[in-house]
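Heads up: the structure comes next, in structure tokens.
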Amino acid sequence: MTDLADTLLRDLTEPQAQAVRHTEGPLLILAAAGSGKTRVITRRIAYLIALGIPPWQILALTFTNKAAAEMRERVHHLLSGRDDAERLRRGLTITTFHALCARLLRRYAPLMEGAPRWGIRGDYTIYDTDDQTALMKRVMSDLQISTTNFPPRSMLGAVSNAKNELKDAEAFAREAHDFHARTVAKVFEKYEKALRAANAVDFDDLLLLTARLLRESAEARAEVQARWRYLMIDEYQDTNRAQFVIAAQLCGVDPDAPPGTPPNVCVVGDPDQSIYGWRGADIKNILDFEEHYPAARVIALGQNFRSTAPILAAADGLIRHNKQRKHKDLFTSRSGGRKPEVVLCRDEHHEARLAVDWLRRLLEEHPELAWKDCAIFYRNNALSRVAEDTLRASGIPYVIARGTAFYQREEIKDALAYLRVVANPADDVSLRRIINKPARKIGDASLDAVEGAAVGTGLPLLAAIRRVCAGAVRPEGVSGVAIGGMQRFVETLDRWTGAGSFMGSEVSGSLSELVDRVIKESGLEAMYKSAAAKSGADAEENRLDNLAELVTSAKDFEAEYDPTADAAQAAPREAGAPAPPPLLAMLRGFLESVALVADADAIDPASGAVTLMTLHAAKGLEFRCVAMIGLEEGLLPSMRALEADPNAEEERRLCFVGITRAMEHLLITSAKYRASRGLRERTIPSRFLSELPKDTIEISDQSDAFGDDTFDDDRHEGPRYEPVDNVDTAGRMARARAAAGGPGRPAGPAQPFPVGCAVRHPQFGVGKVVALLSSGSNARAQIQFRGVGTKTLVLQYARLERVD
DNA sequence: AAAACTGCATCTCAA
DNA sequence: ATGCAGTTTT
């Protein structure tokens, strides 16, 4: 045993050390919340290396880039004593499931190209939720299926569920017996065809196609098995069927066949933190691990190093209410600490104020605490708004964990769509998005005509457009003006790519240069610039900054890019098949990394700000001070979860995850009234509040407090809080609503708002009516608010008051 | 072909 | 309170 290996075991508990030392054969680590799970995984990786295992034989899989980056960082730190640390670090593969799959699919795409129904090429595009929706709508309109009877969202949900169970359209159709299922089957089949025609995959495909690849290609399977001998999987309780199969294939284990040599697979997880059932995660994967991998060693890490005793006691008391659960004792080494506070608030504004004041007071009382130690959790994204507004008004720095937000902005998606068409000319969804943006006089009618003429040829839309431009065909209904626009579009594209060759002096040398040129030469920049000049709003100015930011992010990618690590570059190739031009390969890598950004990736511990995020995004993190808001029936547990009992248990686990993120200070709140989609409604406190053992928490009811000077901005809404007892009746609901000035109010503005009159809005403040836009039930007015800017409000719903 | 307007449906959670 | 889709207007 080397000295380093010895050092790696030194300050671990006995179970932790056992887990690190168990290197051969299957290992299940049941790691309770805060039990030092990441510590064990990273030590174990370093330990393997210390034993002389080549790092390139080690594969560690996580769910987010953030988790992978942290793991890489910590392993690197553990190896820092060695002079070959850098070489070792580079040999390791620590990545997310989705990124691994994306790489494998690129690398082995040539092996699949022959496959009739699921073959894809290495230059495929990854479609995100928006792209999926756009494609689904298109498919449904082609099939003439009503989107009111069959919402595209739920169609995609059904498809996603099927894919998560490794079911393809054909298998789905076989089991579809009623009308609804048969309709889904039809849509599913067409949607798959459209994806393949666009040479695109959705998120579920990344996993599904990889599982299929490893099952069906002996060559791919043999290669990955020969390469990776030590597999580690984090958050194993959240793996789905596809991920289970991928893991099994990587291990050289056929899940449907009797076992051979036990593989060196180590999975880590906690059944109590399984919160992704809704996206196909199967808790059985971890519960039945010992059956899937006979001779598995099981090690439980029960000691909590994170939370103080009162916080852990509350969490333990809550999770005990889950019936489908093997009991385990949670214990902490951290004695002392204050009990979690539970406060019933008046409404969402009161709640947000209270939470922010609570954080502020903590920081005053404990000088060692900073804003970065604080977090606010909520069940759904809609709840972030009030907290955000309150923090902004208080001048407290905050960040929202929404890593994907940047890439979902309209202007960024536009620029990316151009780049995607460059990387994958078959990508019809992206092409349709930008072909007439900025306006090139190419309308839907022209596009449909071109597409109609190409029907049967199987050509992608861009190829069909090229034929029209070349004069090979002239479909009826396409004007000369439209053809001119198409020609200009195609020429622009070809200038960037050297007509697909990526050769020639006109073609960009670097990725960031290409991105910059695309933004400028596509006309996007000019389009947003003129929009900004016209409206004068800062929101439009912002778009230009965002586009500039995209160039910067391309530059960053470029700096980190390692072509030798790029699987597509290193792919085994048929004789004579050339490697893609380096710039094109880099572009594909960039687009892939952009597509696989997770919300949780945005969390930067060094930001010095309060972090706002959903409970789902909070998994795996810890904060010294945590405020959980919105503990109400219908929110947590969520409305949908209330329908079925097993889902309620998952909601309880979600609540448990939130509580166990807190190290020292925990606040839990609910609001008696909450406005949702514009309507103020009476709520019912979450059942989880009553499940917290009374002696583990400090509870207080401030829901009737009003007239308090801290809430003076609310006075314009008028008095509306009648005393209401706990038993709720329909009559009381209606009266409470009417009193709240909400839905009970007759339609239409209570008073006229002529142009030019002064108004006050509870949130936006004082403003002036600039214009009345329309009439009827949805009459809207443009109102210019001081400091806020111009807003368009629906008079019927807006809480407006005249202030002449 | 593009802009303006209006009725309608709507919010989980996420790679 | 908003965003979308279908419709009407320019």
Side-chain angles (χ1 to χ4, degrees), chain A residues 62-67 96-102 126-129 132-133 137 141 147-148 151-153 157 160 164 201-207 238 240 242-243 275-281 377-385 401-404 407-408 436-447 479 481-482 485 592-601 613-619 630 634-643 647 650-651 653-654 657 675-680 742 761 763-764 771 773-780 791-799:
Chain A
T62 64
F63 275 78
T64 67
N65 297 309
K66 167 102 185 331
T96 66
F97 261 107
H98 284 85
L100 174 79
C101 291
I126 301 170
Y127 276 0
D128 67 17
T129 312
Q132 287 182 61
T133 312
K137 284 178 180 167
S141 101
T147 50
T148 41
R153 266 184 61 92
S160 176
N164 284 331
V201 301
D202 61 24
F203 285 122
D204 300 316
D205 282 338
L206 285 173
L207 303 177
D238 285 326
N240 64 19
Q243 288 162 321
I275 55 174
Y276 281 103
W278 52 272
R279 67 172 195 203
F377 299 157
Y378 35 81
R379 177 62 175 87
N380 66 42
N381 284 307
L383 292 182
S384 75
R385 192 137 200 186
R402 250 189 248 147
T404 52
Y407 298 102
Q408 281 173 350
N436 203 31
K437 200 166 182 184
R440 296 186 179 91
K441 314 239 181 209
I442 308 167
D444 285 341
S446 302
L447 278 185
S479 67
V481 191
E592 176 186 301
S593 76
V594 163
L596 297 181
V597 168
D599 281 343
D601 297 344
M613 64 180 121
T614 64
L615 285 164
H616 282 91
K619 191 181 70 165
L635 284 180
L636 182 64
S638 79
M639 186 106 73
R640 291 284 286 275
L642 288 171
E643 291 161 11
N647 296 345
E650 181 157 314
E651 295 292 300
R653 290 195 289 268
L654 194 53
V657 165
S676 68
R677 16 178 215 201
L679 310 181
R680 185 187 220 95
H761 185 278
Q763 196 181 339
F764 305 133
L773 290 181
S774 51
S775 55
S777 67
N778 263 27
R780 289 158 210 229
K791 300 257 171 197
T792 305
L793 299 176
V794 178
L795 291 174
Q796 181 187 344
Y797 297 122
R799 290 173 296 173

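Per chain, numbering begins at 1; letters A, B, ... match sequence-line order.
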Nucleotide N/O of nucleotides 6-10 of chain C paired with protein N/O under 3.5 Å:
none

> Rounded to whole angstrom units, what separation is found between the CZ atom of A:Arg680 and the P atom of C:dA1?
Replying inline: 11 Å
>> According to ring-ring contact (aromatic ring centres under 6.0 Å, His included), who are the partners of A:Tyr127, at least two apart in sequence or on a separate chain?
In response: none
> Closest to the A:Ser446 side chain: B:dA2, B:dA1, C:dA5?
Replying inline: B:dA1
>> Holding to side-chain contact (heavy atoms from CB on, under 4.5 Å), I want the full list of residues that pass it with A:Asp202, two or more places apart in sequence or in another chain.
In response: A:Gln132, A:Lys163, A:Tyr191, A:Leu195, A:Asp204, A:Asp205
> Can you name the side-chain contact (heavy atoms from CB on, under 4.5 Å) partners of A:Ala675, sequence neighbours left out?
Replying inline: A:Glu348
>> How many whole angstroms separate atom OH of A:Tyr407 from atom C1' of B:dA14?
In response: 17 Å
> Parallel, tilted or perpendicular: which fits the ring planes of A:His616 and A:Trp278, with parallel below 30° and perpendicular above 60°?
Replying inline: perpendicular
> What integer distance in Å separates A:Arg385:CZ from C:dA1:P?
Replying inline: 9 Å
> What is the distance, rounded to the nearest whole Å, between atom NZ of A:Lys437 and atom C1' of B:dA1?
Replying inline: 16 Å
>> Tell me every residue that passes side-chain hydrogen bond (donor to acceptor under 3.5 Å, both in side chains) with A:Glu651, counting only those two or more places apart in sequence or in another chain.
In response: A:Arg379
>> I'd like to check the side-chain contact (heavy atoms from CB on, under 4.5 Å) partners of A:Thr133; sequence neighbours left out, ordered by chain and number.
In response: A:Thr129, A:Lys137, A:Leu156
Polar atom pairs (N or O), protein with nucleotides 11-13 of chain B, under 3.5 Å:
unit_1, atom_1, unit_2, atom_2, d
B:dT12, O2, A:Arg379, NH1, 2.7
B:dT12, O2, A:Arg379, NH2, 2.7
B:dC13, OP1, A:Asn381, N, 2.2
B:dC13, OP2, A:Asn381, ND2, 3.3
B:dC13, O4', A:Arg379, NH1, 3.1
B:dC13, O2, A:Trp278, NE1, 3.0
B:dC13, O2, A:Arg379, NH2, 3.4

>> By nearest heavy atom, map A:Leu596 and A:Lys441 onto DNA chain B; which one lands nearer the 5' end?
In response: A:Lys441
> Can you name the side-chain contact (heavy atoms from CB on, under 4.5 Å) partners of A:Asp128, sequence neighbours left out?
Replying inline: A:Asp130, A:Asp131, A:Phe203, A:Lys413
> A:Asp444 near the nucleic acid: base, sugar-phosphate alone, or nothing, with a heavy-atom cut-off under 4.0 Å?
Replying inline: nothing
> Base, sugar-phosphate alone, or nothing: which one does A:Ala595 contact when heavy atoms must sit under 4.0 Å apart?
Replying inline: nothing
>> Just the rounded figure in Å: distance from P of B:dA15 to CZ of A:Phe63.
In response: 11 Å
>> In this structure, how many angstroms lie between the P atom of B:dA14 and the CG atom of A:Asn164, rounded?
In response: 16 Å
>> Donor-acceptor check, side chain of A:Asn436 to backbone of A:Ile442, threshold 3.5 angstrom: yes or no?
In response: yes
> Closest nucleotide of DNA chain B for A:Gly443 versus for A:Thr129: which of these residues is on the 5' side?
Replying inline: A:Gly443
> Base, sugar-phosphate alone, or nothing: which one does A:Lys66 contact when heavy atoms must sit under 4.0 Å apart?
Replying inline: nothing
>> Checking A:Tyr378 now: which residues fulfil ring-ring contact (aromatic ring centres under 6.0 Å, His included) with it, not counting sequence neighbours?
In response: none
